[in-house]
Amino acid sequence: MSDLTTLLEVGGPLTALGGGAAYTRAKHPAAYWSTIGLPISTARLLGSYTSVMEACGLTVAPSRLRVLAVKATTRREVRPVPPRRGIIRPTSTGLRIRLRLAPGQEPADVAASAERLRHAWGVHAVYVTTVKPGVVELRLVGFDVLRRVRMPRKADTGLLKVPVALREDATAFVRDYRTVPHQLTLGATLSGKSMYLRHLVTGLARQPVALVGIDCKRGVELAPFAARLSALATDPDQAAELLPALIKEMEDRYDLIKARQGIAPGTPDEEITSDIWGLPENQRPVPIVLFVDEVAELFLVATKKEEERRDEMVTQLIRLAQLGRAAGIYLEVCGQRFGAELGKGATMLRAQLTGRVCHRVNDEASAKMALGDIAPEAVGAACAIAPERPGLAVAGDTSGGWSRIRTPYLSLGDAAEICRESAHLVPDLPTLKPFRPDVPPMPVKDSRPVAAPRPVAE
Ligand SMILES: Nc1ncnc2c1ncn2[C@@H]1O[C@H](COP(=O)(O)OP(=O)(O)OP(=O)(O)O)[C@@H](O)[C@H]1O
Ligand SMILES: [Mg+2]
């Protein structure tokens, strides 16, 4: 009887504790990591560092000096040496540790063992980055950070830099227009392209940047941001008028740069080497970001007459992509597919769009359109995205690598609210004035009349 009581007394709380831990791990992984996961993984790492490195083949033979020192001072056997490690730096999503590579090792050797290290130390994933020659950083991620995305508080922000999504190694994926001026975002329907655009629009809304939209879905995605947009086209007809205005703005900016350089107007654009960033701040025109949602709509034609208009628009888009950067005009193009089947100019325009983000796609060919020239594994990773995770995407890096990213959820209402709050930041651009969208009036929350109606006396 007393055994049973003891069992209940000890087992009951233990079961409750275990159940609580399992619940926290499933429902609140970040809290679980900070309270339970981090101490356990740290203890595992410290306790098993040498043996794990040895099992992964990351140790080297000890130096002769070390062998002599060990033999002289102890009777222990001389064991191979693992890479020297720095201090463990815990974070809210995992931990970081720097390793000094032993002579003859390269970062790829450690990266090849990442999967083995993750199992040995019981973490969700291990990523390896090179800090400087001879030093790598192991980034251990404690749980699947892309399941419920929370952006890190410290992210690289600044003019034309938007931390738009979270990478799988828990760092922010920053869309930096100054380094990658134009980008193509592809994905099947409901894959999260417009959510990605929404984050970019709201991120840029608070900066001194002109935002221009072409949304051939009658404006359903971009019209809610009308308060902050300098121009909006909601069908191909309007786009056909807006694009020449942007070309004109670009040419004016080139004239401005030429004038500043003392070159006579009329010099061909290609001979200008500087850009608007070289102009003094009081003369520098504001950067313009052109968002194009569902780009294929601009390419599709039904009649011969429309074909001419389409060719013009495509040429204008190509010109903006080719020459826009120096004039501070950047393109953000979204579509479901973007291949040669769209007709003349499609692949040429695609080649101008440096940045690539590919959401879930329905076939490998679509993924290849976005990522084919980056890496075959990136194409495979994009094809493996599940429909249950909208917003998950594969992004190409400027370094030629790629990573999985996911945007946090942001409702259309909240995004529209941010745009309304920053409406005073819409820059004054006379060329785009005719295209400024009408701002829908704020919905009236309380529709009760000011004075209570009194029934007319009978
Ligand atoms: N990061 C995310 N987290 C949670 N839900 C998301 C995320 N991204 C998108 N969604 C949801 O997925 C759905 C589709 O997103 P979105 O409209 O951005 O897709 P889309 O690719 O633009 O589709 P379409 O081609 O039909 O316009 C929306 O209901 C949206 O709320
Ligand atoms: Mg969309």
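Position 1 is the first residue of the sequence; numbering continues from there. Every heavy atom of this structure was used, including side-chain atoms; hydrogens, water molecules and symmetry mates were not. Whatever order the structure lists them in is the order used to number ligands and atoms, beginning at 1. Predicted, not measured: the structure shown is a model, and the values here were computed from it.
Counted by atom type alone, R337 and S366 present one or more donor-acceptor pairs between their side chains at under 3.5 Å. For the residue pair Y196 and Q183, a side-chain donor N or O sits within less than 3.5 Å of a side-chain acceptor on the partner. Side-chain atoms of Y177 and E332 include a donor-acceptor pair closer than 3.5 Å. Counted by atom type alone, S48 and W121 present one or more donor-acceptor pairs between their side chains at under 3.5 Å. Side-chain contact check for T234 and R218: no donor-acceptor pair (N or O, by modelled atom type) lies under 3.5 Å. Side-chain contact, S403 with D169: no donor N or O sits under 3.5 Å from an acceptor N or O.
Residue contact annotation: T189 places no N/O/S atom under 2.8 Å from the Mg ion (ligand 2).
Close approach of ligand 1 to R406 is summarised as follows: ligand atoms under 4.0 Å from at least one heavy atom of the residue are 3 (N), 4 (C). Residue-ligand proximity, Y409 to ligand 1, at heavy-atom distances under 4.0 Å covers atoms 4 (C), 5 (N), 31 (O). Contact atoms of ligand 1 toward G391: 1 (N), 8 (N) (distance under 4.0 Å to a heavy atom of the residue). Every atom of ligand 1 with a heavy atom of E221 under 4.0 Å away is listed here by number and element: 27 (O).
Salt bridge annotation for K344-D311: present, with a cationic side-chain nitrogen under 4.0 angstrom from a carboxylate oxygen.
Dense packing is recorded around CZ of R389, with more than 12 heavy atoms of other residues, nucleotides or ligands lying under 6.0 Å away. Crowding of R150 atom CZ: a count of heavy atoms from other residues, nucleotides or ligands under 6.0 Å not exceeding 12. Atom NZ of K161 has more than 12 neighbouring heavy atoms from other residues, nucleotides or ligands inside a 6.0 Å radius.
The closest approach between any non-hydrogen atom of A188 and ligand 1 is below 4.0 Å. Heavy atoms of R389 stay at 4.0 angstrom or farther from ligand 1. Proximity of E294 to ligand 1 is established by a heavy-atom distance of less than 4.0 Å. Residue contacts with ligand 1 include K217, since one of its heavy atoms falls under 4.0 Å from the ligand. Using a 4.0 Å heavy-atom cutoff, S191 is listed among the residues neighbouring ligand 1.
Considering each of Q336, H199, R198, M195, the one bringing a non-hydrogen atom nearest atom 9 (C) of ligand 1 is M195. Across G192, C334, S194, heavy-atom proximity to atom 22 (O) of ligand 1 is greatest for S194. Evaluated by nearest non-hydrogen atom to atom 1 (N) of ligand 1, the leading choice among T185, T189, L392, T407 is T407.
Shown here, atom 28 (C) of ligand 1 is out of close reach of the protein: none of its heavy atoms lies under 4.0 Å off.
Distance from atom 25 (O) of ligand 1 to its nearest protein heavy atom, with residue and atom name: K193 NZ, 2.8 Å. Scanning all protein heavy atoms for the shortest distance to atom 2 (C) of ligand 1 gives P390 O, 3.3 Å. If you check which protein heavy atom lies closest to atom 23 (O) of ligand 1, you get L190 N, 2.9 Å.
No side-chain donor-acceptor contact under 3.5 Å links R228 to the backbone of C419.
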